[in-house]
Amino acid sequence: MIPFNRQVLMGNELEYIQDAYSQGKVSGDGKYTKLCSEFMERTFSAKKVLLTPSCTHALELAALLIDIQPGDEVIMPSYTFVSTANAFVLRGARPVFCDIRPDTLNIDEEKIEALITERTKAIVPVHYGGVACDMDRIIEIAKAHDLYVIEDAAQAVNARYKGRYLGTIGHFGCYSFHETKNYSMGEGGAIVINDERFIERAEIIREKGTNRSKFFRGEIDKYSWVDIGSSYLPSDISAAVLWAQLEKLDEIQEKRLSIWNAYYAALKPYEEAKTIRLPIVPDYAEHNAHLFYVLFTDEQTRDKAMEDLKKQGIHAVFHYIPLHSAPMGQRYGYSEGDLPVTEDLSGRLLRLPMYAGMRDDELQFTVSRVGDLLKNPSDNPNKSLTRDHHRGRISKGLRD
Ligand SMILES: *Cc1c(COP(=O)(O)O)cnc(C)c1O
C-alpha cells in the first residue's frame, strides 16, 4: 500500500529529545523551542515567532489578540480546514465565507470587498497547498477598511509571495507542524507576529495571562496575573523533534518539490488531453510542494478514480467538505449554491500521495497507475476540461 502520507525521521530527532532531557527542562520555552523560533525569525525575516501546540491554537491566539467580540465578522474561504473558522467562532465571531479563485483555489480577492460590513474585523486568507494568495491586493483592501489580516499559513511554511515568506505579510501568520504538514513535530504550530504592538500581549496570553516571559528574561523580579490567557506552549520534547526537521528545511522542501515536479511532468499530457486539470501556480508564488492534486471533470469521475487507486494499493484522498455547506455553516445561514466555484472544485479534487520520504518506485507506481486510469476513462467520455489561458482561469467545457 502506498500511503497518502508517511512520517520521516530526518536523523537527529531522537538525539535531540535525549538532549532536551539532559537540559533538565522539557516544558515550554526551553532550548529547542528557542532554537526553532529564532531560526524561523532569522530565516523568514519574521519579527516574532512563538511556538504553539498547534496551528489551531495559533489562530485562537490571533483571535484573542485582535480582541474578537461576539457579533464581529471575519472573512475567510469556505474551502479550508475547520480551525480557520473555529478559532474566531469560539470568540463569538460570525464566519463570512468568500468564494475561491478557480486557478489557485485560494480566496478570490476580488470578491472580498462586497462582503465587508461595519462589523467586519478581519480577513483570513488561507494559502492553499502552500501557494500564495494575492497578498498585495488583500493588504490593500484591509488597509482601506481598517481590517486585520491573519494568514492561515498552516500549509505554507517556507513558501513565498513575491520573495516574502508566507505568514510574515499580514498582522499575524499561523503555521502548522502537524504530522500531515511539510515539517512535523507530531502536533504543533507557531504564530508569527508581524506587528510589534502585539508581541508583549501575545507572550502574556500564551503564558496563562502572566508576565512570566519577562520574568524569565530577567526584566522583572516576579511574575503575576496581568491579563486573560491560556497555555499555548508546546513542550520542549516536541520542539526538539521540530528542530531536527527545521535543520533540514530546504532539503525537505527540495525532496517534495522534486516529487511535485515529477507528478506534474508525468500528468501534463493528460491535462493537454483535457481529462484532468493540474495545479496552477501564479508567477508571484514560490510554493513549497505541500500537496499535489488533480481536478477531474466531475465528482463521479473523481470518486471512481479514488476507488480504483485504492484497489491498486494507492491511498489518494480528497478534502474539504466546504465549511459553508457543513452543518455548522448552515447554522450561519449558508446553503448549497452560495459559493459555486468552491462547490464545483471541491467535488472534483483528488490529492495524490506526497511525503518527503516517498521512494522513486512508489512515485513511479503511482504515476503509472494514475496514467492507466486516465488512458482508459470508464465513463463520461465526452466531458473534458479547458483552461482559459487568457485569464489564467479554467472553465468546464465539452471536447469538440
Ligand atoms: C492543518 C491546517 C490547520 C490546523 O493545523 P493544526 O496544527 O492541526 O491545528 C489549519 N488550517 C489549515 C488550512 C490547515 O491545513
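Residues take their numbers from the sequence shown, with the count starting at 1. Read the numbers this way: they start at 1 and go in the same order the structure lists the ligands and their atoms.
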Which ligand 1 atoms does [X] reach within 4.0 Å, using its non-hydrogen atoms?
X	result
G188	7 (O)
V126	13 (C)
T56	4 (C), 6 (P), 9 (O)
F81	2 (C), 3 (C), 4 (C), 10 (C), 11 (N), 12 (C), 14 (C)
K181	1 (C), 2 (C), 14 (C), 15 (O)

Just to be sure I read this right, does ligand 1 sit under 4.0 Å from the backbone of A154, its side chain, both, or neither, counting only heavy atoms?
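The answer is the side chain.
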Is ligand 1 under 4.0 Å from a heavy atom in the side chain of T80, in the backbone, in both, or in neither?
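Contact part for T80 vs ligand 1: side chain (C-beta onward).
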With a 4.0 Å cut-off on heavy atoms, is Y320 in contact with ligand 1?
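In this structure, Y320 qualifies as a contact of ligand 1 - some heavy atom is under 4.0 Å.
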Under 4.0 Å, counting heavy atoms only: does C174 come that close to any atom of ligand 1?
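It does not, in that no heavy atom of C174 comes within the 4.0 Å cut-off of ligand 1.
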Tell me if the CZ atom of R137 is crowded by more than 12 foreign heavy atoms within 6.0 Å.
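Yes, because the 6.0 Å sphere around CZ of R137 holds more than 12 heavy atoms from other groups.
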Near Q23 CD, under 6.0 Å, is it more than 12 heavy atoms from other residues, nucleotides or ligands?
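Yes - once you tally the heavy atoms of other residues, nucleotides and ligands closer than 6.0 Å, there are more than 12.
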Please work out whether the ring planes of [X] and [Y] are parallel, tilted or perpendicular, with thresholds of 30° and 60°.
X	Y	result
Y175	F44	perpendicular
W260	H287	tilted
F215	Y223	tilted
F172	Y148	tilted
Y293	Y128	tilted

Looking only at distances, please establish whether an N/O atom of ligand 1 is found under 3.5 Å from an N/O atom of S83.
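N/O-N/O distance under 3.5 Å: no.
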For ligand 1, find out whether one of its N or O atoms is nearer than 3.5 Å to an N or O atom of H178.
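Among all N and O atoms of H178, none is under 3.5 Å from an N or O of ligand 1.
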K121 side chain vs I66 backbone, donor-acceptor pair below 3.5 Å
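Yes.
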Remaining members of L9's ILVMFWY cluster at a side-chain heavy-atom cut-off under 4.5 Å?
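Once heavy-atom contacts under 4.5 Å are chained together, L9 still belongs with nothing else.
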Identity and separation of the nearest protein heavy atom to atom 11 (N) of ligand 1:
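Answer for atom 11 (N) of ligand 1: D152 OD2, 2.8 Å.
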Nearest-neighbour protein heavy atom for atom 15 (O) of ligand 1, which is reported as residue plus atom name and distance:
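Residue, atom and distance for the closest contact: Q155 NE2, 2.9 Å.
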